[in-house]
Each structure stands twice: as structure tokens, then as C-alpha cells.
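This report refers to the structure that appears directly beneath it.
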Amino acid sequence: MTMQQIAEQVGVSKFAVSQALSGKPGVGEETRMRIVQAANELGYSWKAKFIKKERPAGEPKGKTSAAKGTVIILMPNVRFQSRESLFWGKIIDGVSAALAEREVGVMMVTESYSEHLLKSINPEGVLGLIGIGYIATQLLLEIRYAGIPFVLIDHEDALVPSDTVFMNNYDCMKQMTSLVLQTGRRDLRFAGSPGYSRSFHDRWLGFRIAMEEAGLQMFRAEDDPFLQMEEDAYLIVEREIPQLVEQGKLPSAFICANDFFAFLIVKSLIANGVKVPEDVAVTGFDHTDEEPSLPALSTIHVPNAILGKRAVEMLFDRLAAPDRPFEKTMIHGSLLLRESFKKD
């Protein structure tokens, strides 16, 4: 199957097919759906070709073929997803530790090699795959077509259903926002683009619902630069914070989609003479402690290693029961209230 065949089937350009399957912008949702459906019809559909290996007599459950296969850890190096990340690195550690307990070999694959992934491995020698963070639809379709069972951490694709593990982003952010509101701070701003990732979207929803339940108004996404913060977040913060200070329009608190954004805002507020948390409180999400020189950040602790361990457990559950329904597991975090926010 080639992209040209898909293009001819749908009646679009080969470029449109490439954009749609790689998850890039420039293709309407209706067209994207037609392209993916055509890809399935022309050969990307999955036939449940799970790899089955016999368990030696007397070997405990959970160690099926463990020492005789390899699990691929796939983490495309996009959206700050890297082994060196304070957030993503801990998830990898959790996956690696859980696989080591099962005496399973590990192959780490990053974006540089992901496009050659299926050409360079023998699926028969792979137990399964654990994807960490955002992975393009095209690659997920290819993995499924190769018959490799997989579990995704912090990502899901409506067009390629699978087992998934997520932080309970919605409930944790709603809890944090409600707690800030209970202190009497009513003018709250969310920092982070809801469209950036599934996690950011769920965190935004938690914030929005808490605000709506309190009967409070919010900025529309198109009118609020802080709701457009992605990779260029520092540019937005450097531009917007001084303007808000000058205009006397600072909110009483910033509720941030992650700790990185929160630290950018705290640093800018302090540089512009604003006291944190006396004048403006700031909360984050992830508990990465990236800037020890700044006030300790109030945040939500994410048990990263547990996310990784749970993904391994789900993968081996899938190997044991290939035909069971897909599952989504939600792991709850804990609130850490520190210097950047003081409850009155």
C-alpha cells in the first residue's frame, strides 16, 4: 500500500494524505477521517495478530516468554518529550524498572528512528510496545498492522483504539482550582493551550468546570494569549506579564497546565515587581521542581513511575487476553501546597 493509492481512493493529493496520517495541520477533520478510513480499507486494518508464546511448565504467570522477547519503548522527541525531561524521564524509568522485574529486554526508540521502526525489527521477536506521549496516527496504524500489541501513556488516538494510561488530569485540576477559589481569589487565568495535548485539554476542562460551578466568567480562547501557550510559551509570558502589570490587570492567580509554564510566569512576575503569592498566586502541574531558586511551586504531584509500571502491567494483560476490550486507566495525583500559593 502506498500513500498515492490512498490519495487516489479518497480523491485528494498525496501531500494531504501525508499530513492527515502524520497528525499535522492543514487537513479538515472530515477529510482526515476519510483518509484514515481509506488507509484501513487498503491494508492498514488490524487483524489482531498478537504474538503468542508458550509459558514453560511451572513458570509463574506474568513471566510468559519474558526473557525471550523484547518490549519497545517508543517516545518521539516532540513537544519536549525526551529521555532527559524531568517529567518524561521518570515515566521511562517506571517502564524500564517494571520490565526489568519481568526480565524482559528493552529497545528504546525515539523520533529519529521511529519512521524506520517497522523496517528494522522483526515483529516476531517483539512482545509489545509502550508508547510514551504523542505518537502520530500513521505510525500507530503501522504498529497495529504489524500485529504488535501496544499501550499508550498520556496519549490516545480516536482512529486507533488501544489500551491507555493517563494521569487523572481533569479531577486533579478541578480540585486545585476549587481550592484556590475557596481562598477568595476569584479572578483566575489558565495558562496553557487546551489544544496542545490531551492532558492539557483535560486540565483545562477541570479548570473551566470549577470556574463555571463558581459562577465566574473566563476569557475566550481566541481572546486570551495565555490559552495559546505551547512551545513558544516564554515569548507570550515575556510580552503579556509586563503589559498586565502596567495596566493594573493582573489576575489574582494563574492556574498553569504544567510546572514549566508556572515557573515562567513566577519568574516574570517577580522580575516585574509582583509579589508571589501575596499579589498573585501561581499553581502548576507535574511536580518537576525545575527552578529551585524560585519560591517552591504549589503543584500536583504526578506519580510518573507508577504510570510507567501500570502500562507494563496492561501490556502483559493484553498478551494474556488479546481479545478483551480496550481499557483506559486513570492514575490520581496529590496536591502540594507550597510557597507560590498560601491558603488563607
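Quick caveat: nothing in here was measured; it's all calculated off a predicted structure.
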Between [X] (side chain) and [Y] (backbone), is there a donor-acceptor pair under 3.5 Å?
X	Y	result
Arg338	Leu297	yes
Asp279	Val274	no
Ser162	Val151	no
Thr283	Thr299	no
Ser268	Leu264	no
Arg239	Pro225	no
Arg185	Ser252	yes
Asp154	Phe166	no

Close side-chain approach of [X] to [Y], heavy-atom, < 4.5 Å:
X	Y	answer
Val106	Val71	no
Ser197	Glu230	no
Val165	Ile331	yes
Val104	Phe316	yes
His332	Cys172	yes
Thr177	Leu188	yes
Lys309	Val95	no
Met176	Leu337	yes

How long is the straight-line distance from [atom2] of [Y] back to [atom1] of [X], given to the nearest 0.5 Å?
X	Y	atom1	atom2	result
Lys90	Asp93	NZ	CG	9.5 Å
Leu315	Arg310	CG	CZ	11.0 Å
Ile209	Met173	CD1	CE	13.5 Å
Ser199	Ile153	OG	CD1	11.5 Å
Ile270	Ser293	CD1	OG	8.5 Å
Met314	Thr329	CE	OG1	3.5 Å

Check [X] against [Y] and note the closest heavy-atom contact, atom names and distance.
X	Y	answer
Ala262	Cys256	CA-SG, 3.5 Å
Phe207	Arg189	CZ-C, 4.1 Å
Met330	Met167	CE-O, 3.9 Å
Ser298	Ser340	N-OG, 2.7 Å
Met211	Met218	CB-SD, 3.8 Å
Phe285	Ala257	CB-O, 3.4 Å

Point to revise | side-chain contact (heavy atoms from CB on, under 4.5 Å) assessment of Lys267 paired with Val237 | key: CA-CA 10 Å; Lys267 186 181 298 185; Val237 171; over 6 Å; no
**Study point:** Lys/Arg-Asp/Glu bridge criterion (N-O < 4.0 Å) met for Lys249, Glu246
**Key:**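 No, this pair does not count.
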Exercise for review: State whether Asp286 and Arg203 are salt-bridged, where the test is any N-O pair (Lys NZ or Arg NE/NH1/NH2 against Asp/Glu carboxylate O) under 4.0 Å.
Suggested key: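 Answer for the salt bridge query: yes.
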**Study point:** hydrophobic_cluster_shared for Phe341 and Leu336, side chain cutoff 4.5 Å
**Key:**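 In one cluster with Leu336: Phe341, no.
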**Study point:** Hphob cluster co-occupancy, Phe219 + Ile236, side-chain heavy atoms under 4.5 angstrom
**Key:**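 In one cluster with Phe219: Ile236, no.
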Review point. Using links of under 4.5 Å between side-chain heavy atoms of ILVMFWY residues, direct or through other members, which residues join Phe15 in one cluster?
Key: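 Members besides Phe15: none; it forms no cluster.
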Practice item. Please confirm whether Arg208 makes a cation-pi placement over Phe190, using NZ or CZ under 6.0 Å from the six-membered ring centre and within 45° of the ring normal. Key: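 Verdict for Phe190: no cation-pi partner in Arg208.
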Practice item. Evaluate the criterion side-chain contact (heavy atoms from CB on, under 4.5 Å) for residue pair Phe263 and Val282; output intermediate values, then yes/no. Key: CA-CA 9 Å; Phe263 279 121; Val282 181; over 6 Å; no
Practice item. Applying side-chain hydrogen bond (donor to acceptor under 3.5 Å, both in side chains), name anything that partners Glu213, two or more places apart in sequence or on another chain. Key: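 Result, side-chain hydrogen bond (donor to acceptor under 3.5 Å, both in side chains) vs Glu213: Lys174.
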Practice item. Apply the test side-chain contact (heavy atoms from CB on, under 4.5 Å) to residues Leu140 and Thr137: give CA-CA distance (whole Å), side-chain angles for both, the deciding distance (0.1 Å), then the verdict. Key: CA-CA 5 Å; Leu140 291 177; Thr137 299; 5.7 Å; no
Review point. Taking the six-membered ring for Trp, is the centroid-to-centroid distance between Phe261 and Phe200 below 6.0 Å?
Key: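 Judged by ring-centre distance (under 6.0 Å), Phe261 and Phe200 do meet the cut-off.
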Point to revise | Ring centre gap for Phe254 and Phe226 strictly below 6.0 Å | key: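 Yes, they do, as the ring centres are separated by less than 6.0 Å.
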Check your understanding: Distance only, no hydrogens: is a donor on one side chain within 3.5 Å (strictly under) of an acceptor on the other, for Gln228 and Ser193?
Key ->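 Side-chain D/A pair, Gln228 to Ser193: absent.
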Exercise for review: Go through the steps for Arg324 and Arg318 under the test side-chain contact (heavy atoms from CB on, under 4.5 Å), then give the verdict.
Suggested key: CA-CA 7 Å; Arg324 67 179 177 81; Arg318 174 62 57 191; 3.5 Å; yes
Check your understanding: Given Phe150, which of Ile72, Ile135, Val160, Ile130 fulfils the side-chain contact (heavy atoms from CB on, under 4.5 Å) condition?
Key ->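 Among Ile72, Ile135, Val160, Ile130, the one meeting side-chain contact (heavy atoms from CB on, under 4.5 Å) with Phe150 is Val160.
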Review point. Taking the inter-plane angle between the rings of His155 and Tyr134 on a 0 to 90° scale, is it parallel (under 30°), tilted (30 to 60°) or perpendicular (over 60°)?
Key: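 Because their plane-to-plane angle is over 60°, the rings of His155 and Tyr134 count as perpendicular.
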Practice item. Report, as yes or no, whether the 6.0 Å neighbourhood of atom CD on Glu278 holds more than 12 heavy atoms from other residues, nucleotides or ligands. Key: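 Yes, CD of Glu278 has more than 12 neighbouring heavy atoms, counting only those of other groups under 6.0 Å.
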